[in-house]
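Notes to accompany the following structure.
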Amino acid sequence: MVFSKVLRHPIARGMATYSILWPTANLVQQSLEGKRYDSFDFVQCIGYGLYGALYVAPTIYGWVKISTIMWPKMNIRTALLKAVVEQATYGPFAGISFLYIMSLAEGKTAGEAVNEVKTKFPRTYTVGLAYWPFIQTINFAFIPERNRVPFVAVCSFVWTVFLASIKRNDITNENNL
């Protein structure tokens, strides 16, 4: 009963969704890397789940709320504007945060985390520019506000597999992506 009441709130639904989708996407990425059940890095999966639930879902929820207040209409023109503004503001914030925080979670120093951001963020952001504006235009034009965070969470599954792949590549192999 209490659980179903909590999940009525968009941020709680987003957090629950991300706590499942992000570690699952990480497992898919590990599978694509050739790992199987007996060699999966489950600690890494837990990190993805915590990061997705406790960081990504709340920040996306905040962005969706702010953008809805700033541009309350639901039409294609407004959706395109929101998607462009998101890629110019939230996109860089999200990409840099992911690379930096997950590097620290892996035990890297702050300097190593900064170096990884410098090396991997440009490619990550470029790919995001080809993916997210399309997704977010649909999201902002057609999806009711209460379902936007879960919708983005589902769409982010493929994106998270990509991020996990970028994250797993050594900096020295970055040019081979």
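All values derive from a computational prediction rather than experimental measurement.
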Does [X] use its side chain to pair, donor to acceptor, with the backbone of [Y] at less than 3.5 Å?
X	Y	result
K73	A141	no
T59	V56	yes
S156	W159	no
Y51	F98	yes
T137	P133	yes
Y90	V85	no
K82	F140	no
S39	K35	no
T78	N75	no

Are side-chain N/O atoms of [X] and [Y] paired as donor and acceptor at under 3.5 Å?
X	Y	result
W63	E86	yes
Q136	N139	yes
D41	Q30	no

Working to the nearest 0.5 Å, report the span between [atom1] of [X] and [atom2] of [Y].
X	Y	atom1	atom2	answer
T124	K167	OG1	NZ	10.0 Å
T160	N26	OG1	CG	9.5 Å
Y18	L54	OH	CG	13.5 Å
L99	T119	CG	OG1	9.5 Å
E33	N169	CD	CG	8.5 Å
S31	Y37	OG	OH	12.5 Å

Would you say that more than 12 heavy atoms from the other residues, nucleotides or ligands in this model lie under 6.0 Å from the CZ of F134, or not? no
Exercise: identify the closest heavy-atom pair between [X] and [Y]:
X	Y	result
A53	M15	O-CG, 3.2 Å
P92	F121	CA-CZ, 3.6 Å
P122	T126	O-OG1, 2.8 Å
R123	I166	CG-CD1, 4.3 Å

Same apolar cluster (I L V M F W Y, side chains within < 4.5 Å links), [X]/[Y]:
X	Y	answer
L50	L27	no
F162	L129	yes
Y55	I60	yes
L163	M102	yes
Y131	F93	yes

Pair F142 and F151, ring centroids less than 6.0 Å apart: no
Contact check, side chains of V84 and L80, non-hydrogen atoms, under 4.5 Å: no
How about P23 and I46: do any of their side-chain heavy atoms sit closer than 4.5 Å? no
Please report the C-alpha distance between R77 and W71 in whole Å, then the side-chain angles of each, then the deciding distance to 0.1 Å, and finally whether the side chain to side chain contact (heavy atoms under 4.5 Å, CB included) criterion is met. CA-CA 10 Å; R77 182 173 180 223; W71 300 285; over 6 Å; no
